[in-house]
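First the structure, in the form of structure tokens, and then the observations on it.
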Amino acid sequence: MTAALSAHELIARHRSTLDQALEAIRTRAYWSPHPEHPKAYGENGSLDAAAGKAAFDALLGSRLDLGQPGTDDWVGGEQSPYGVDLGVTYPHADLDVLLPAMKAGQRAWRDAGAEQRAVVCLEILKRISDRTHEFAHAVMHTSGQAFMMAFQAGGPHAQDRGLEAVAYAYVEQVRTPDNAEWTKPQGKRDPLAMNKQFTPVPRGIALMIGCNTFPTWNGYPGLFASLATGNAVLVKPHPRAVLPLALTVQVAREVLAETGFDPNLVALAAERPGEGIAKTLALRPEIRIIDYTGSTEFGDWLETNARQAQVYTEKAGVNTVVVHSTSDYKGMLANLAFSLSLYSGQMCTTPQNLLVPREGISTDQGPKSYDEVVADLAKSVDGLLGDDARANALLGAIVNPDVKARLEAAAGLGEVALASREITNPDFPGAVVRTPVIVKLDGAKPDDEAAYMSECFGPVSFAVAVDSAADAAELLRRTVREKGAMTVGAYTTDPEVERAVQEVCLEEAAQLSLNLTGGVYVNQTAAFSDFHGSGGNPAASAALCDGAFVANRFRVVEVRRDA
């Protein structure tokens, strides 16, 4: 295969970006090569807003032919949460043909080395970045995110996470030198001398099982971590969110072919309605790595049954905020209101349980009772979402009927402090848009515990009355230990309470945000700086991203010879 782009050209083009990423993960300072603002696109080959929308519109009703081997059918059926029938069809694969074809290219990909694999991955990310406007519409109309969130989270933030994974992969692979001269003195005898060669070798084919809500943001870390460490990657999208990942596969295959590698190193596994191929794929002996984001039930099944593979899961948890005291009551309420509302709470990081002392909290506006805190939070959410245009821009659309059913059922679990209301989206009349519900529960009542100790994914939050800060810390500990948590938040002006909450999070391995009152929210994380999940509690078996996320995707094989 003739390469249109040489290794030298790619290194010259992307090595500086890789070096900046390596420095960013070392310092944990802010950095991103991917612009967040839509107006930044339109030059140097990137699509502007109009061209990106036109490119997306041209996809509707089309057949996305990826040129994969083993295609035996064409499948599709995505229905946008905004009421649009996408009508795109994708190749359905005969696995007995596709998987051997994917494996065939791994030798050359392995022998290319860590640096060349990294810059090929960066070229893939650059071309995805150039099409950010097109990808944003694809994410919006498969996930239900509002456009600006789909643009940022599905575009530059997802690309950042992919690049972050490449940087960690590179670091771990070059930790061991390619060659070493080994000499051991033997006293009066000649020394023992050996030449030792060390090669990172891939585990095999990696399976990336995508999610409905954040197909690129959650998908790119595993995809690029596996690819950068020498593995072929089979992308199995969620059946309701195929398009963004199919486009990703398309770009990856183009770049691999242009750089002289086998395009079958990256392939798509789309499925027929109800086929459920994730379980079949997960147990195939060729699959040696699995990345999964989704329900706890299926994540647990993968961890238990896919014994031949290294499994990385991001499942679910019960995210908790301890509300003890604050020096900025207005800022606390505004921050919480935004966190509860963003993308209709359809984030694995959205707070669910707000633990508030039943005797109330101290604030800069004087003492506030439990009832006042909950009522004021409800007013803050109402104020944030009172304008329908702004509400649509924040809430997006309900991604599937299960979320809507949970939202409607939540009102029967306790006293409703904030009722959910329906909002019409004038641009998309078929969209299901709902504001959050807040339900008051009592932490001392066993009947209420069943509600707040279960994950209720979507725009549902429970204001749980607790007896004291110590009880809040203990309930937090039990929640994280038994159910897991992707995020924990706390508001307190008391150093002892802060230490107690921090100690719980350190012991139970949960990421903690303290006293957020500005423009940073508990349910947002920044690539190159924040860790998403910890891998240390039941919510996830891995963190995005750290060394542990990439290091076991390859093994180092040694060849030694007498010098």
Side-chain angles (χ1 to χ4, degrees), residues 52-53 56-57 59-62 64 75-90 133-155 157-158 209-219 237-248 270-271 273-274 293-295 316 340-350 385 388-410 420-437 456-460 523:
K53 178 63 163 60
F56 169 75
D57 288 342
L59 291 167
L60 301 179
S62 71
L64 197 66
V75 296
E78 291 156 291
Q79 180 76 23
S80 166
Y82 289 95
V84 178
D85 182 5
L86 300 190
V88 185
T89 54
Y90 309 94
H133 274 281
E134 178 186 359
F135 272 71
H137 288 285
V139 171
M140 173 183 174
H141 283 287
T142 52
S143 70
Q145 294 175 31
F147 177 77
M148 186 54 70
M149 184 177 188
F151 183 92
Q152 293 184 338
H157 297 170
I209 303 174
C211 68
N212 194 175
T213 49
F214 288 88
T216 55
W217 196 98
N218 279 113
H238 192 284
R240 287 193 294 263
V242 182
L243 185 56
L245 292 178
L247 294 175
T248 301
E271 59 189 312
T293 300
S295 72
L340 300 183
S341 303
L342 185 62
Y343 185 31
S344 301
Q346 298 169 124
M347 304 171 69
C348 63
T349 50
T350 300
L385 303 177
D388 282 2
R390 181 166 62 175
N392 275 305
L394 282 174
L395 294 170
I398 298 297
V399 71
N400 64 55
D402 291 342
V403 175
K404 181 172 177 283
R406 281 193 293 270
L407 171 63
E408 292 170 349
S420 176
R421 69 183 179 91
E422 182 176 352
I423 294 177
T424 299
N425 186 320
D427 296 322
F428 300 101
V432 177
V433 185
R434 298 287 188 276
T435 63
V437 63
C456 194
F457 184 77
V460 177
N523 43 354

Does any part of the side chain of T350, heavy atoms only, come nearer than 4.5 Å to the side chain of F457, both counted from C-beta? no

Who are the salt bridge (Lys or Arg N to Asp or Glu O under 4.0 Å) partners of R421, not counting sequence neighbours? D388

For residues 394-403, pull every pair meeting salt bridge (Lys or Arg N to Asp or Glu O under 4.0 Å), keeping only residues two or more places apart or in separate chains. none

Residues at least two apart in sequence or cross-chain that pass salt bridge (Lys or Arg N to Asp or Glu O under 4.0 Å) with E78, listed by chain then number, are none

Using ring centroids (six-membered ring only for Trp), state whether F428 and H141 fall under 6.0 Å. yes

Flag, side chain of S143 to backbone of F214, donor-acceptor distance under 3.5 Å: no

Would you name the heavy atoms of V403 and P459 that are closest together and state the gap between them? CG1-CD, 3.9 Å

Reported CG-to-OG distance for the pair L243 and S62, which is rounded to 0.5 angstrom: 8.0 Å

Compare every heavy atom of S344 with every heavy atom of L395, then report the nearest pair and how far apart it is. O-OG, 2.8 Å

Taking the side chain as every heavy atom from C-beta outward, state whether E134 and L59 have any atom pair closer than 4.5 Å. yes

Using salt bridge (Lys or Arg N to Asp or Glu O under 4.0 Å) as the criterion, list what pairs up with R240, not counting sequence neighbours. none

Measuring from I423:CD1 to R434:CZ, what's the distance to the nearest 0.5 Å? 9.5 Å

Separation of C211 SG from N218 CG (nearest 0.5 Å): 4.0 Å

Supply the atom-to-atom distance T89 OG1 to L64 CG, rounded to the nearest 0.5 angstrom. 8.0 Å

Which pair of non-hydrogen atoms, one from Y343 and one from A397, has the smallest distance, and what is that distance? CE1-O, 4.2 Å

Are side-chain heavy atoms of I398 and Q346 found at a separation under 4.5 Å? yes

May I ask you to test the P401-V432 pair for a side-chain heavy-atom distance under 4.5 Å? no

Taking every non-hydrogen atom, the tightest pair across Y82 and M140: CE1-O, 3.5 Å

Using the rule given for side chain to side chain contact (heavy atoms under 4.5 Å, CB included), can you reason through V242 versus V88, listing the C-alpha separation, both sets of side-chain angles and the distance that settles it, and then say yes or no? CA-CA 9 Å; V242 182; V88 185; over 6 Å; no

Side chain proximity check, D427 to F147, heavy atoms < 4.5 angstrom: no

To the nearest 0.5 Å, tell me how far Q145 CD sits from Q152 CD. 10.5 Å

At their closest point, which heavy atom of T142 faces which heavy atom of V399, and how far apart are they? O-CG2, 4.3 Å

Apply side chain to side chain donor-acceptor pair (under 3.5 Å) to D57 and list each qualifying residue two or more places apart in sequence or on a separate chain. K53

What's the shortest heavy-atom distance between T424 and N392, and which atoms? O-ND2, 3.2 Å

Sequence neighbours left out, what passes side chain to side chain donor-acceptor pair (under 3.5 Å) with T248? Give chain and number order. Y220

Distance, nearest 0.5 Å, that separates OG1 of T293 from CD1 of I209: 9.5 Å

Under 4.5 Å between any side-chain heavy atoms of W217 and V139, yes or no? no

Is S420 reaching over with its side chain to a backbone N or O of T435, donor-acceptor style, under 3.5 angstrom? yes

